[in-house]
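Contents: one structure, followed by commentary.
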Amino acid sequence: GESVGLHLPTLSVQEGDNSIINCAYSNSASDYFIWYKQESGKGPQFIIDIRSNMDKRQGQRVTVLLNKTVKHLSLQIAATQPGDSAVYFCAETTDNYGQNFVFGPGTRLSVLP
Amino acid sequence: ETGVTQSPTHLIKTRGQQVTLRCSSQSGHNTVSWYQQALGQGPQFIFQYYREEENGRGNFPPRFSGLQFPNYSSELNVNALELDDSALYLCASSSDTIQFFGPGTRLTVL
């Protein structure tokens, strides 16, 4: 069945450093992926997405890398700021209409001053 | 903010009761998805509604049901509440593949 997991449940980085959050998925048919950020007491917030026909996509301070060969997804955050502290989820789907997203368990990112 | 609103923000029920949670989608979005997020876990897909019809369902029993209205707002109903139903219930609206989430309703079942 579909499953999405994360290698690191917690990640602590110094302010200003780059952060890398990893995600492994098991369903090779997954063709669309989203990274979400969830702050305490709030719903998940869209960060960036990528389709399976791409290897890399960049946004503002964030980059998502997709390695379909090893079914691995990563989120890179440049110059990490205190406001980046949150739980980060990767979500994947095989549905073209984005119907049934499977979320990973999440990685907590803590930014140290 | 995403423009997706949910009510109530918190709710306490006892086992066996029924509950209705509400969601107003972002303007222009015709699709609403509901997720259950247990403490310390990622959201789990319950079901999705597109133009008032159920458009997919996750691995949840029939006592979880929903509705979508002509204005695309939605309700999640849970009958015969169980202790394990305690969770954050999230609704997400979309017009294509990206789903935008509301703040959630925290349900506690005692």
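Just so it is clear: chains get the letters A, B, ... in the order the sequence lines come, proteins before strands, and each one is counted from 1.
- Enclosure of atom CZ in A:R61 by more than 12 non-hydrogen atoms of other residues, nucleotides or ligands within 6.0 angstrom is indicated.
- The same ILVMFWY cluster, assembled from side-chain heavy atoms under 4.5 Å apart, contains both B:V109 and B:F64.
- Other residues, nucleotides and ligands contribute only 12 or fewer heavy atoms inside 6.0 Å of the CG atom of B:L39.
- Minimum interatomic distance between A:I34 and B:I98 (heavy atoms only, all atoms of both residues): CD1-CA, 4.2 Å.
- When side chains are defined from C-beta on, A:Y36 does not count as touching B:P43, because their heavy atoms never get closer than 4.5 Å.
- In this structure, A:L65 is not a member of the same hydrophobic cluster as A:V62, with clusters built from ILVMFWY side-chain heavy atoms closer than 4.5 Å.
- Around atom CD of A:Q14, more than 12 heavy atoms belonging to other residues, nucleotides or ligands sit under 6.0 Å away.
- Looking at A:Q38, only its side chain comes within 4.5 Å of chain B, counting heavy atoms on both sides.
- Side-chain contact check for B:T97 versus A:R51: some heavy-atom pair is nearer than 4.5 Å.
- If you measure heavy-atom distances from B:L88 to chain A, the contacts under 4.5 Å come from the side chain alone.
- Heavy atoms of B:Q37 lying under 4.5 Å from chain A belong exclusively to its side chain.
- In terms of heavy atoms, A:F101 sits closest to B:F45 at O-CB, 4.0 Å.
- Nearest heavy-atom pair across B:L90 and A:G43 is CD2-CA, 3.9 Å.
- Within 6.0 Å of atom CG in B:N59, 12 or fewer heavy atoms from other residues, nucleotides or ligands are found, so the atom counts as exposed in its surroundings.
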